[in-house]
Amino acid sequence: MQIPVVIQAGLWGWLAASSLLIGAAVGYLVKLPQKVVASIMAYGSGVLVAALCFGQIPEAERIGGLWPTLAGLLVGGLAFVLASQYIDRLEQRHRVRSGNGGNGMVALLIAVGAFLDGIPESFGLGLGLLDGGSVSLLMLVAIFLANLPEGLASAAGLREEKRSAWVVFGLWGAIAFLSGLAAMAGPGLFADLPPPWLAFALGFSSGAVLCMLVDTLIPEAFETTHAWTGLITLAGFMTAFTLNHLV
C-alpha cells in the first residue's frame, strides 16, 4: 500500500525534528561544555549550507528557472530577518519589564524562535517529494544536525531557570510536532502549483534558512569557538559534499 506523499513528508519532517527532543534531553539531563554545543552548531551549519548549495537551490532552478528561484531566495531571506527582528524586540521588551529571563514568557519566545527556524527547513524537506521526487538525504542530515544544538542549548537554559521536565519536553515536543506539520504543508499545499511557483517556494525556504545560519547559528557558535568556527563549519561542509557524491 502506497503511503500518501503528504504523510511521507510529515514522517520525514518529524524524523528531522526529533533531534530537537534529543538535544533537549541531553541539555536537560547532561551538562555539556559550551564548546561542545558551539562545535555542533558550527558543524551543522556547514552541512546545511552544502545541502542548500548542492541540493535544494539547484533543484529549484531545475524546476522553475533562475528568476523564480532568485525571487524566492530574496523574499524568504527578508521574511526571516523581519520575523526574527520582531521576536528579538518582543524578548528584549519582556526582559526589561521583568528584570530577568526566568519565566514562561521567555520560554514561549524561545519556542517561537525555534519554530521560526524550523518552518523553512521542514517546508523545503517536504517540497522535495513533489513530482515523484524523494527526500534529500543531505537536507535531512543537515536539519537533524542543526536542530541538535538548538534544543540542547535551550533546554540547558530552561533547566537553570528551574523549569520542570514536563515544561521542557512538552515545549520541544510541540515544536517537533509542528515541524512535521510544516513538512506536510509542502506537498499538501503546493502540489498543483506551476513550476515557477514551486521554484519560488523552494527558493523561499532556502533564503530563510541561509539567513538563519548567518544571523543565528554561526554567530552563536563563534562566541565560543572563535577562530575554530570556520574550520568546524568547513568540516561540516566537506562532510555534506562527500555525502552528495556518495549517494
Side-chain angles (χ1 to χ4, degrees), residues 3-32 34 36-38 40-41 43-45 47-48 80 83-84 86-88 90-91 94 101-129 135-136 139-189 205 208-209 212-213 216-217 220:
I3 301 176
V5 172
V6 172
I7 302 300
Q8 291 183 45
L11 293 174
W12 286 114
W14 285 317
L15 175 61
S18 67
S19 58
L20 286 172
L21 283 172
I22 295 172
V26 174
Y28 191 81
L29 300 173
V30 182
K31 191 166 185 178
L32 288 178
Q34 189 59 34
V36 174
V37 177
I40 296 172
M41 206 175 288
Y43 184 84
S45 297
V47 175
L48 200 48
F80 176 84
S84 180
Y86 177 71
I87 295 297
D88 286 344
L90 282 180
E91 185 172 356
H94 184 75
N103 55 39
M105 181 61 182
V106 170
L108 178 61
L109 290 172
I110 291 171
V112 172
F115 187 53
L116 188 62
D117 294 348
I119 285 175
E121 296 170 348
S122 300
F123 182 72
L125 195 67
L127 281 174
L129 290 169
V135 166
S136 167
M139 279 298 293
L140 182 65
V141 171
I143 293 172
F144 191 92
L145 289 175
N147 283 338
L148 273 173
E150 196 167 46
L152 194 156
S154 177
L158 290 171
R159 180 192 61 196
E160 292 177 3
E161 292 176 359
K162 308 301 182 184
R163 295 293 168 180
S164 70
W166 285 105
V167 170
V168 173
F169 293 109
L171 185 67
W172 289 102
I175 296 291
F177 178 73
L178 292 173
S179 295
L181 295 184
M184 295 173 73
L189 299 177
S205 167
V209 172
M212 180 270 292
L213 291 173
T216 305
L217 280 189
E220 286 183 11

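Just so you know, these numbers come straight off a predicted model, no measurement behind them. Computation of the quantities below employed the complete heavy-atom set of this structure, encompassing side-chain atoms and omitting hydrogens, waters and symmetry-equivalent molecules. FYI, the numbering just counts along the sequence from 1.
In terms of heavy-atom proximity, Ser19 sits nearest to Leu148 at O-CD2, 3.5 Å. In plain terms, the two heavy atoms of Gly126 and Ala9 that are nearest each other are CA-CB, 4.0 Å. Ser122 and Ile143 make their closest contact through N-CD1, 4.4 Å (heavy atoms, listed as atom of the first residue, atom of the second, distance). The two residues Leu125 and Leu140 come nearest to each other via the heavy atoms CD1-N, 3.9 Å.
Taking the side chain as every heavy atom from C-beta outward, Phe144 and Ser18 approach each other to under 4.5 Å. Inter-residue side-chain proximity for Met184 and Trp14 is flagged as met; some heavy-atom pair is nearer than 4.5 Å. Here the side chains of Ser164 and Val167 are in contact, with some heavy-atom distance below 4.5 Å. At least one side-chain heavy atom of Leu48 sits under 4.5 Å from a side-chain heavy atom of Met212. In this structure, the side chains of Leu171 and Val168 stay at 4.5 Å or more apart for every pair of heavy atoms.
For the atom pair Ile40 CD1 and Leu152 CG, the distance stands at 6.0 Å (nearest 0.5 Å). In this structure, OG on Ser179 lies 12.0 Å from CG on Leu15, to the nearest 0.5 angstrom. The line from CG of Leu213 to CZ of Phe80 is 8.5 Å long, rounded to the nearest 0.5 Å. Note that CH2 of Trp172 is 9.5 Å distant from CG of Leu21, once rounded to the nearest 0.5 Å.
For the side-chain contact (heavy atoms from CB on, under 4.5 Å) test with Met41, the passing option among Leu217, Thr216, Val36 is Leu217; the others fail.
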